[in-house]
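In each ligand, atom 1 is the first atom listed, and ligand 1 is the first ligand listed.
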Amino acid sequence: MADASSGTDERLKFIQTELVEVKKKVPEIPDTRLIAAVVDLIKVEIKKTDHKQVNITCLFPMKYPHEPLVVELGSKTLAFKLLMGLMSVCEAETKKLLGKPQVVHMMNFINTFLDENPLCVCSEEIAFIKKNLLTPEDDIKLKQKSSQIVLKFRQQNYFMNIVVNVPETYPLKQITVEITEHNLPEFLKVNFQAQSIEIARRCVQPPLRKKPKDPPFVPKASIRPVCEYLIRDCLKRYPLESCPLCKKQILPADPTELNREVGIERVYCGHLFHFTCLDKYMKTPPFGASKFCPLDKKQIFHQKWQVSAHVMEQRWAHKQAKDRELEEVVDFLE
Ligand SMILES: [Zn+2]
Ligand SMILES: [Zn+2]
């Protein structure tokens, strides 16, 4: 009994000495606030940005410091899975400190982790991309030092590499994304790049014209919508698509054939057409009010065919007349 109580006294003395150090040193750690430091528990908040924030609760176990400090983490913004992972890393770290004061070291450790892993704010989105957008032959690399996500993905013989830059105040500020390499037709890349910038912008900027019934605008995370667009809706999609008119595959199976003049047009609804197929379709009656995509019945807008139905009709009639004339000539010659 005497041994046990002197052990308890020793523990209490050790903790009290450590608390003095905690009160002095924890407030000196950047972005760190000491909320409570008593024998029962220590509470600290580390806040790097509105979204990079952790609450830490430490408890001294019965055999402290010969047992590791109990560290619990909570956050309103960081993903639960990430916190669980960080908690197990913390546990491994405290085990290295048995017999010594552990609190200040732990706070420094967690603080450094947040500084060195800026992508922790988007851990859930990264998990989503890995699980739902990429296939085993694709590749994702996290560059924590530069706060970038590098993605390489493919469909058949086509590929795209992108770099996603995650700003410090993400998700309040949107990502920037760059298509660094690809073997698609260049006009498609330009189109996809512009659209992805627009998708990211709309995540954080309220619409210019607000409808009265719209709920208040809340900025949202932009990595997932941009990656869904570039991976699922662009690169994984188009190599499998056919021309809605002739039903032949729209992108050649061999991308090097794109160097030759394979005319492809992308229209308003997003479908790709062979230039020759679309040109014939647009210049053939009925002209009516407008022309529609055969697949989704959406109106086809394209600057190359921005001619009124009336002009189209005249041109067509003219061409018919020419053809008739030609036929007559041919008939005459036969
Ligand atoms: Zn076609
Ligand atoms: Zn369409």
- Task: Can you see which heavy atom on Leu98 is nearest to which on Pro68, and at what distance?
- Result: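 Heavy atoms of Leu98 and Pro68 come nearest at CD2-N, 3.5 Å.
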
- Message: Tell me which N, O or S atom from His274 is the closest to the Zn ion (ligand 1).
- Response: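 When I compare the N, O and S atoms of His274, ND1 is nearest to the Zn ion (ligand 1).
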
- With the Zn ion (ligand 2) as the reference point, give the N/O/S atom of Asp296 that is nearest.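 Result: OD2.
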
- Message: Only N/O/S atoms count here: what is the atom of His271 closest to the Zn ion (ligand 2) called?
- Response: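 In His271, the N, O or S atom with the shortest distance to the Zn ion (ligand 2) is ND1.
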
- Thinking salt bridges, do Glu45 and Arg33 make one under a 4.0 Å N-O criterion?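 A salt bridge links Glu45 with Arg33.
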
- Opening angle between SG in Cys277 and SG in Cys243, taken at the Zn ion (ligand 1), to 10 degrees: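 Rounded to 10°, it measures 120°.
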
- Message: A cation-pi test, strictly: NZ or CZ of Arg11 under 6.0 Å from the centre of the six-membered ring of Tyr64 and no more than 45 degrees from its axis. Yes or no?
- Response: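 Checked: cation-pi criterion not met.
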
- Item | Check: Asp296 side chain, Lys298 main-chain N or O, donor-acceptor pair, under 3.5 Å |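 Judged by distance alone, yes, a pair lies under 3.5 Å.
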
